[in-house]
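Everything numeric in this text was worked out from a predicted model, so none of it was measured.
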Amino acid sequence: MNKSIKAGGLWLSIMLLSAPLIGHAAVTLDRTRVVFDGGSKSVSLNISNENQQQPYLAQAWLEDEQQNKLLSGPLVITPPVQRLEPGAKSMIRITAASGQLPQDKESLFYLNLREIPPVSDKPNVLQIALQTKIKLFYRPKALKRDPDSVWQDQLVLHAEGGGYRIENPTPYYITVIGLAGSEKQSLEGDFETVMLAPNSSARVKSAAYGKPYLTYINDYGGRPTLTFRCSGSRCVAR
């Protein structure tokens, strides 16, 4: 065999083995995060099978803040497994056990949804089961706010060497996805996302800004930006 052909075949094999596997989920959720209102007994989520030819199984489970699977406890998800026909829609329901969660601050969980494809009747077929994981925030009844309420404006920035310490004095989880010297940079610039637990703080690396802009994720997955004013090393939302 010609050496150049053999080398070309080897290179092609390496390229195929190193190529990333790209897939699109067949079983999808109707949202990117869940806020469980503590004044309700349960919350329902819509799921659908986007594949129009094949049925899929949908497996759902919950994890705690440390991402350990919940086998029992304050929240229960039903059904844990269900069959979705091609193009079909369904629901999963999350129910809270009363009195088991803090009532003075939010609690964090993770919702997992895994699709299980049907077994292929063709030989040498690689099947990939894709999984979706989103955050679930349990918000006690006493902390319920109006839909347009903004509590993220209570964040405080403390300028420290090499960045800022972001203080969250609220009873809510707040996810910060941008911090910069302009709104555009805050929305589009490089920033290591940080999620602040209730009544906590976290340090982030950043340049120093005379007027910092901070972008966060709200309940609907939106990305509003706050403008801060500074007095010395302490900055508050305007």
note = In short, Ser48 meets Leu84 closest at the heavy-atom pair C-CD1, 4.1 Å
query = With a 3.5 Å cut-off and no angle check, do the side chains of Tyr138 and Gln100 form a donor-acceptor pair?
reply = no
message = I want to check something: taking the side chain as every heavy atom from C-beta on, are Phe228 and Leu226 in contact at a cut-off of under 4.5 Å?
response = yes
inquiry  = Just checking Arg223: does its CZ atom have more than 12 heavy atoms from other residues, nucleotides or ligands closer to it than 6.0 angstrom?
reply    = no
Side-chain heavy atoms of Tyr173 within contact of Pro198, under 4.5 Å = yes
ask   = Which heavy-atom pair separates Asn168 from Ala197 by the least distance, and what is that distance?
value = ND2-O, 3.0 Å
query = Taking all atoms of both residues into account, what is the closest heavy-atom pair of Asp64 and Phe109, and its distance?
reply = CA-CD2, 4.0 Å
request  = Using only heavy-atom distances, determine whether the side chains of Thr28 and Glu50 contain a donor-acceptor pair under 3.5 Å.
outcome  = yes
task = Any chance you could lay out the side chain to side chain donor-acceptor pair (under 3.5 Å) test for Asn112 and Gln131, step after step, and finish with the verdict?
result = CA-CA 7 Å; Asn112 294 268; Gln131 180 176 321; 3.1 Å; yes
task = Take His158 and Ser233 through the test side chain to side chain contact (heavy atoms under 4.5 Å, CB included) and record every step on the way to the result.
result = CA-CA 6 Å; His158 301 273; Ser233 61; 5.7 Å; no
Lys133 NZ: over 12 foreign heavy atoms closer than 6.0 Å = yes
task = Report the C-alpha separation of Asn46 and Leu29 in whole Å, then their side-chain angles, then the decisive distance to 0.1 Å, and conclude whether the side chain to side chain contact (heavy atoms under 4.5 Å, CB included) test is met.
result = CA-CA 6 Å; Asn46 298 314; Leu29 278 165; over 6 Å; no
task = Quick one: do Thr225 and Ser186 satisfy side chain to side chain donor-acceptor pair (under 3.5 Å)? Show the steps, please.
result = CA-CA 8 Å; Thr225 299; Ser186 184; 4.7 Å; no
message = Around atom CZ of Arg145, are there more than 12 heavy atoms from other residues, nucleotides or ligands closer than 6.0 Å?
response = yes
query = Should Val43 and Leu111 be counted in the same cluster of Ile, Leu, Val, Met, Phe, Trp and Tyr side chains packed under 4.5 Å apart?
reply = yes
ask   = With a 4.5 Å heavy-atom cut-off, do Ile134 and Val34 have their side chains touching?
value = yes
request  = Say whether Leu108 and Leu155 are linked into one hydrophobic cluster, either directly or through other cluster members, by side-chain heavy-atom distances under 4.5 angstrom.
outcome  = no
task = Calculate, to the nearest 0.5 Å, the distance between atoms OG and CG belonging to Ser206 and Leu214 respectively.
result = 10.0 Å
inquiry  = Contact between Leu130 and Arg114 at the side-chain level, heavy atoms closer than 4.5 Å - yes or no?
reply    = no
task = Would you give the length of the straight line joining atom CD of Gln59 to atom CD1 of Ile77, rounded to the nearest 0.5 angstrom?
result = 10.0 Å
query = Which distance, rounded to the nearest 0.5 Å, do you find between the CG of Asn218 and the CG of Asp148?
reply = 10.0 Å
ask   = Any luck finding a side-chain donor-acceptor pair between Lys141 and Gln103 under 3.5 Å?
value = no
request  = Kindly indicate, with the supporting measurements, whether the criterion side chain to side chain contact (heavy atoms under 4.5 Å, CB included) is fulfilled by Leu136 and Val35.
outcome  = CA-CA 6 Å; Leu136 186 157; Val35 178; over 6 Å; no
Check: Gln82/Ser90 side-chain N/O donor and acceptor closer than 3.5 Å = yes
Validation row: Leu143, Tyr172 side chains within 4.5 angstrom (heavy atoms) = yes
Under 3.5 Å: donor-acceptor pair, side chain of Asn51, backbone of Gln54 = yes
ask   = So does Lys135 have more than 12 non-hydrogen atoms from other groups sitting under 6.0 Å from NZ?
value = yes
key: Side-chain touch Gln185/Tyr213, heavy atoms, less than 4.5 angstrom   = no
ask   = Counting only heavy atoms not in Arg165, do more than 12 sit closer than 6.0 Å to its CZ atom?
value = yes
Lys/Arg-Asp/Glu bridge criterion (N-O < 4.0 Å) met for Glu160, Arg203 = yes
query = Does Gln66 CD have over 12 foreign heavy atoms under 6.0 Å away?
reply = yes
key: Side chains of Asn68 and Glu63, donor plus acceptor under 3.5 Å   = no
inquiry  = Using 0.5 Å steps for rounding, measure from the CG atom of Leu196 to the OG atom of Ser201.
reply    = 7.5 Å
task = Hey, could you give me the NZ/OG distance between Lys144 and Ser149, rounded to the nearest 0.5 Å?
result = 11.0 Å
inquiry  = Between Lys211 and Arg229, is the side chain to side chain contact (heavy atoms under 4.5 Å, CB included) condition met? List the steps.
reply    = CA-CA 6 Å; Lys211 186 168 69 171; Arg229 67 177 185 273; over 6 Å; no
task = State which residue, out of Pro171, Ser107, Pro140, fulfils the side chain to side chain contact (heavy atoms under 4.5 Å, CB included) condition with Pro102.
result = Ser107
ask   = Going only through I, L, V, M, F, W and Y residues with side-chain contacts under 4.5 Å, is there a path from Leu113 to Leu70?
value = yes
message = Side chains of Asp30 and Ile47, heavy atoms from C-beta outward: is any pair under 4.5 Å?
response = no
query = In this structure, which one of Arg139, Arg31, Arg33 forms a salt bridge (Lys or Arg N to Asp or Glu O under 4.0 Å) with Asp219?
reply = Arg139
ask   = Which atoms form the tightest heavy-atom contact between Tyr164 and Cys235, and what is the distance?
value = CE2-SG, 4.4 Å
ask   = Would Val150 end up clustered with Val176 when hydrophobic side chains under 4.5 Å apart are linked, directly or stepwise?
value = yes
request  = May I ask you to decide if Glu85's main-chain N or O and Asn49's side chain share a donor-acceptor pair within less than 3.5 Å?
outcome  = yes
inquiry  = Would you say that Ile94 contacts Val76 through its side chain, given a criterion of any heavy-atom pair below 4.5 Å between the two side chains?
reply    = no
query = Which value, rounded to the nearest 0.5 Å, describes the distance between Trp151 atom CH2 and Tyr216 atom OH?
reply = 8.5 Å
message = Let me check something: do Leu179 and Met195 share a hydrophobic cluster, defined by ILVMFWY side-chain heavy atoms less than 4.5 Å apart, either directly or through other members?
response = no
remark   = Heavy-atom closest pair (Val27 atom, Leu57 atom, distance to 0.1 Å) is CG2-O, 4.5 Å
message = Could you report the tightest heavy-atom contact between Phe36 and Lys41, atom names first, then the distance?
response = CZ-O, 3.6 Å
